[in-house]
J.: 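Could you have a look at this structure, given as structure tokens, before my questions?
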Amino acid sequence: QKEVEQNSGPLSVPEGAIASLNCTYSDRVSQSFFWYRQYSGKSPELIMSIYSNGDKEDGRFTAQLNKASQYVSLLIRDSQPSDSATYLCAGGGFQKLVFGTGTRLLVSP
Amino acid sequence: EADIYQTPRYLVIGTGKKITLECSQTMGHDKMYWYQQDPGMELHLIHYSYGVNSTEKGDLSSESTVSRIRTEHFPLTLESARPSHTSQYLCASSEPGLAIDEQFFGPGTRLTVL
């Protein structure tokens, strides 16, 4: 099992809808989790971090962490075409971050 | 403005050349990282450093080397470039004092070896 797993997608949603991105992790990944957005040909940009169980909201983004089920998710409300990108989930491993392969999100106008 | 910089942004070079990719940050971070990423593929950690004179190899075997003589500077060197080194190289840094840190990335260097 990979340490951090994501569905590669693409996940297609219409403009204005809620996009739900999911990530599962193994026991080898600890309590810190991060969501990065990466546009094609660009570097990853940190958009959310979450350290404890529950929800964390920032604008249109909500990160959810469930340690018992070992999953972390990112909800994007009122999705815009500009949200179309690859979303990387990362978890804290031993002294470093472990990245998933990313989920490609496509938001159609 | 606190930021992380990489130069050059694009580099096309012939096989056998020695190259150095520059990474500098003005964020005051102790920890710095180099990742390699092919188009549409996952990030691979190739080197990291926890401070001056500290360097470690990452998960992906790499023929590159790094140095950390100054806190803000973390260059990556390829002694003899090969076509297999063609990739995007991303530098990152993270906040000091936390066990698992938020990492912030530079703009990347896209390297093409002919």
Side-chain angles (χ1 to χ4, degrees), chain A residues 1-10 23 25-52 56 58 61 63 65 67 72 74 84-106, chain B residues 2-10 21 23 25 27 29-51 54-60 86-112:
Chain A
Q1 181 194 4
K2 281 193 171 184
E3 292 172 291
V4 175
E5 292 204 63
Q6 295 180 257
N7 187 316
S8 60
C23 171
Y25 60 90
S26 75
D27 291 337
R28 288 171 288 175
V29 177
S30 66
Q31 301 88 0
S32 307
F33 296 92
F34 308 92
W35 282 100
Y36 287 82
R37 178 176 60 199
Q38 186 174 26
Y39 291 113
S40 180
K42 302 296 185 182
S43 61
E45 173 192 7
L46 179 66
I47 54 173
M48 289 288 286
S49 58
I50 186 165
Y51 300 94
S52 54
K56 179 182 177 182
D58 184 0
F61 299 102
L65 175 59
K67 292 184 181 180
V72 57
L74 178 70
S84 297
T86 297
Y87 289 80
L88 306 175
C89 172
F94 178 67
Q95 296 183 328
K96 59 182 174 67
L97 283 184
V98 179
F99 285 87
T101 54
T103 298
R104 187 171 166 222
L105 173 66
L106 297 174
Chain B
D3 211 339
I4 182 164
Y5 305 92
Q6 289 187 246
T7 57
R9 294 291 310 279
Y10 303 91
L21 307 183
C23 177
Q25 49 96 3
M27 304 177 81
H29 291 170
D30 288 331
K31 299 181 182 180
M32 297 187 73
Y33 311 82
W34 276 104
Y35 291 87
Q36 185 175 342
Q37 186 181 37
D38 292 328
M41 303 298 285
E42 60 193 289
L43 287 163
H44 292 287
L45 179 66
I46 52 175
H47 297 283
Y48 60 99
S49 167
Y50 286 164
S54 153
T55 61
E56 301 287 344
K57 287 188 180 294
D59 302 322
L60 182 68
T86 295
S87 189
Q88 173 154 267
Y89 292 84
L90 294 161
C91 181
S93 68
S94 61
E95 291 279 347
L98 297 176
I100 304 296
D101 311 332
E102 296 177 335
Q103 291 185 17
F104 298 91
F105 285 82
T109 294
R110 186 166 297 281
L111 173 65
T112 301

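What you see below is based on every heavy atom in this structure, not just the backbone, and it leaves out hydrogens, waters and symmetry mates. Residue numbering restarts at 1 for every chain, and letters A, B, ... go by the order of the sequence lines.
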J.: Mark yes or no for whether A:Ser43, through its side chain, and B:Gly106, through its backbone, hold a donor-acceptor pair below 3.5 Å.
T.: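 Checking the backbone N and O of B:Gly106 against the side chain of A:Ser43, a donor-acceptor pair under 3.5 Å is found.
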
J.: Less than 4.5 Å to any heavy atom of chain B: does that hold for the side chain of A:Gln38, its backbone, both, or neither?
T.: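 A:Gln38 touches chain B through side-chain heavy atoms alone.
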
J.: Within a 6.0 Å radius of atom CZ on A:Arg37, are there more than 12 heavy atoms belonging to other residues, nucleotides or ligands?
T.: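 Yes, the 6.0 Å shell around CZ holds more than 12 heavy atoms from other groups.
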
J.: Measure the CD-NZ distance between B:Gln103 and A:Lys96 for me, rounded to the nearest 0.5 Å.
T.: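 Interatomic distance, B:Gln103 CD to A:Lys96 NZ, rounded to 0.5 Å: 10.0 Å.
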
J.: Which distance, rounded to the nearest 0.5 Å, do you find between the OH of A:Tyr51 and the CD of B:Glu102?
T.: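 A:Tyr51 OH to B:Glu102 CD: 4.0 Å, rounded to 0.5 Å.
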
J.: Quick one: of B:Arg110, B:His44, B:Gln37, who has the most non-hydrogen atom pairs under 4.5 Å with chain A?
T.: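 Max contact count across the listed options: B:Gln37.
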
J.: Out of curiosity, B:Tyr35 OH to A:Phe99 CZ, how far, rounded to the nearest 0.5 Å?
T.: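 Those atoms lie 4.5 Å apart.
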
J.: Atom NZ of residue position A:Lys56 - does it have more than 12 heavy atoms of other residues, nucleotides or ligands inside 6.0 Å?
T.: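 Yes, because the 6.0 Å sphere around NZ of A:Lys56 holds more than 12 heavy atoms from other groups.
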
J.: List in chain and number order the residues that pass side-chain contact (heavy atoms from CB on, under 4.5 Å) with A:Asn7, two or more places apart in sequence or in another chain; answer none if no residue qualifies.
T.: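 Partners of A:Asn7 by the side-chain contact (heavy atoms from CB on, under 4.5 Å) criterion come out as none, since no residue qualifies.
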
J.: Under a 4.5 Å cutoff for heavy-atom pairs, which residue among B:Gly58, B:Ala92, B:Pro107, B:Gly108 has the most contacts with chain A?
T.: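 Highest number of pairs under 4.5 Å: B:Pro107.
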
J.: Heavy-atom distance under 4.5 Å to chain B: side chain of A:Thr86, backbone, both or neither?
T.: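 Contact with chain B: none, neither part.
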
